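In what follows, a structure is listed as structure tokens, so that the remarks can point back to it.
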Amino acid sequence: MIKSILQSFIVAAVVTLFLVMPVIQGEAAGSKDGSEVLVQRVDNNSLIRLRVYIDARAAGSLRVGETVTYKIRNGPHTIRVAFEDFQARSTEVTQFNSFNSRHFFTVTDESIVSVGQEQLKDENSGAPSVPIVESAPPPQQIVQQPVSSSQNMRNGEMVMEDPIYTMDTSVRNAFEKATKNLKKKTLIAVINVDADNPQEGVYILEEITYLSVQSPKAYQVMDRRKIDAFRTKNAIDLPSYDNDFQLLSFGNLMGVDVVISARIDGPGDLRRLRVKALDVKTGLLVGDSSERI
């Protein structure tokens with residue numbers, strides 16, 4: 001009976017439902033003056049589990065009708081959802097800026113939509129809430145940074161001259177550069193992403209596969225499930241980024257034209273995403289890229 005009432009209430013007021021439904025605690029933000037993201041799944045496809053990614057990191061899974069709260073630090077963020085079985089289809093990345101605020105999103109197996117936000121009360125101060133800044137990080141985050149050769153003062157405010165490196169932007173740039181010489185309708189297989197952090201590697205693998213499917217060049221993309229089934233049947237391990245011979249052999253056995261492989265290397269702020277494309281028939285490197293992440 002209660003469940004039926006809640007289901008009817010979802011249709012009437014999604015945002016209100018976020019405030020009254022039980023919440024599953026997400027990744028901790030660490031500070032009391034952080035922000036929150038509430039994500040509710042509203043589709044009826046119970047056969048598929050979705051995984052939420054916040055700032056390119058897997059935050060948790062969503063079942064049909066489930067609502068989850070994730071605590072985040074103040075500042076700019078990105079959010080998306082993708083199939084938990086790593087199929088190519090996933091939502092576009094949605095960007096938002098938070099500052100002591102709560103953000104509401106609804107997701108389905110095909111989309112993610114921002115449905116509202118509200119300012120959280122500051123329990124430690126009687127001062128008015130600071131308004132949300134949509135186009136830049138909060139001022140106090142900027143003024144604490146020392147002036148360097150990549151920063152300038154303009155009209156009394158600090159202006160950042162360096163580009164902002166985000167995971168999604170870097171993946172997209174690396175993919176476009178690595179595949180710019182490929183012909184339309186090329187049959188490709190996205191083989192692997194070598195990374196110390198397995199979740200990060202899976203995320204990038206998903207994103208490269210997604211970009212391959214959505215490319216204007218209409219690539220024919222080998223389904224991940226077929227690749228995994230082929231490996232299992234033939235007891236073959238995934239080749240590493242550095243082993244071109246194994247990559248080409250694997251691609252030849254799969255019957256594709258081009259194999260795409262990637263890796264993450266470098267320490268700290270020097271980390272880079274490297275993506276390459278190999279022509280299976282000729283063995284030539286037909287695309288290569290390196291992007292800071």
Side-chain angles (χ1 to χ4, degrees), residues 53 56 78 80-83 85-95 110 163-195 197-228 230-231 236 238-266 270-293:
Y53 292 89
T78 61
R80 67 189 284 269
V81 295
F83 287 96
D85 56 359
F86 311 131
Q87 295 185 41
R89 187 159 53 117
S90 65
T91 67
E92 290 289 342
V93 172
T94 298
Q95 297 180 334
E110 294 183 341
I164 298 176
Y165 296 92
T166 66
M167 177 67 76
D168 297 299
T169 300
S170 297
V171 173
R172 183 178 295 272
N173 290 342
F175 169 80
E176 291 178 351
K177 291 177 182 178
T179 59
K180 66 180 181 180
N181 294 325
L182 300 188
K183 297 179 180 180
K184 291 184 178 180
K185 299 184 178 180
T186 298
L187 178 57
I188 66 176
V190 183
I191 302 299
N192 65 309
V193 177
D194 295 344
N197 184 335
Q199 288 186 337
E200 192 173 46
V202 169
Y203 175 84
I204 295 175
L205 181 69
E206 277 189 349
E207 195 66 15
I208 292 177
T209 303
Y210 171 78
L211 293 171
S212 300
V213 173
Q214 299 297 323
S215 171
K217 292 185 178 181
Y219 297 129
Q220 302 176 69
V221 184
M222 185 68 67
D223 192 286
R224 292 296 309 169
R225 290 172 297 183
K226 290 185 178 180
I227 295 176
D228 292 337
F230 177 82
R231 289 178 49 240
I236 300 176
L238 282 176
S240 68
Y241 174 91
D242 295 318
N243 197 324
D244 288 358
F245 177 78
Q246 290 185 1
L247 286 169
L248 293 171
S249 298
F250 191 87
N252 185 60
L253 291 172
M254 293 294 298
V256 298
D257 300 321
V258 171
V259 291
I260 294 178
S261 180
R263 80 174 180 200
I264 299 175
D265 58 24
L270 299 179
R271 290 202 317 156
R272 302 194 73 84
L273 170 64
R274 306 183 191 279
V275 180
K276 67 180 179 182
L278 295 170
D279 188 297
V280 173
K281 294 181 180 179
T282 65
L284 297 176
L285 181 67
V286 292
D288 195 18
S289 63
S290 176
E291 289 290 317
R292 175 180 169 185
I293 57 175

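Being a predicted model, the structure only gives us computed values, none of them experimental.
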For D223 and K226, what are the C-alpha separation, side-chain angles and deciding distance, and is it a side chain to side chain contact (heavy atoms under 4.5 Å, CB included)? CA-CA 5 Å; D223 192 286; K226 290 185 178 180; 4.1 Å; yes

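For Y203, the ring-ring contact (aromatic ring centres under 6.0 Å, His included) criterion is met by Y53, not counting sequence neighbours.
Proximity of V171 to N173: side-chain heavy atoms (C-beta onward) are nowhere separated by under 4.5 Å. In this structure the side chain of I204 reaches within 4.5 angstrom of the side chain of L273, judged on heavy atoms. Contact of the V286 side chain with the L278 side chain is not registered, since no non-hydrogen atoms from C-beta on lie closer than 4.5 Å. Side-chain atoms of S212 and I208, non-hydrogen and from C-beta on, do get closer than 4.5 Å to each other. Taking 4.5 Å as the limit, every side-chain heavy atom of R80 sits out of range of all side-chain heavy atoms of T94.
Contact record, D168 with T78: OD2-OG1, 3.6 Å, taken as the closest heavy-atom pair. Counting all heavy atoms, side chain and backbone alike, D194 lies closest to Y241 at OD2-N, 2.7 Å. Residues V193 and G201 approach most closely at CB-O, 3.6 Å, considering heavy atoms.
For the pair S215 (side chain) and L211 (backbone), a donor-acceptor distance under 3.5 Å is absent. Remark: side-chain polar atoms of Q220 are paired, donor with acceptor, to backbone N or O of K185 under 3.5 angstrom. Judged purely by atom type and a 3.5 angstrom limit, T186 has no side-chain atom pairing as donor or acceptor with the backbone of Y219. When atom types are taken as modelled, the side chain of K217 and the backbone of L182 share a donor-acceptor pair closer than 3.5 angstrom. Checked by atom type and distance alone, the side chain of R224 pairs as donor or acceptor with a backbone atom of V190 at under 3.5 Å.
Put simply, OG1 on T169 and CD on E291 are 9.5 Å apart, with the number rounded to the nearest 0.5 Å. To the nearest 0.5 Å, the span separating CD1 on I188 from OG1 on T209 amounts to 8.0 Å.
For residues 270-290, the set of pairs meeting the side chain to side chain donor-acceptor pair (under 3.5 Å) definition, not counting sequence neighbours, comprises E200-R271, D244-K276, D265-R274, R272-S290, R274-S290, D279-T282.
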Check: residues 245-261 side-chain donor-acceptor pairs under 3.5 Å, at least two apart:
unit_1	atom_1	unit_2	atom_2	d
S249	OG	F245	O	2.9
D257	OD2	L187	N	3.1
S261	OG	N192	OD1	2.8

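Salt-bridge annotation for R225 and D228: absent, with no side-chain N of the basic residue lying under 4.0 Å from a carboxylate O of the acidic one.
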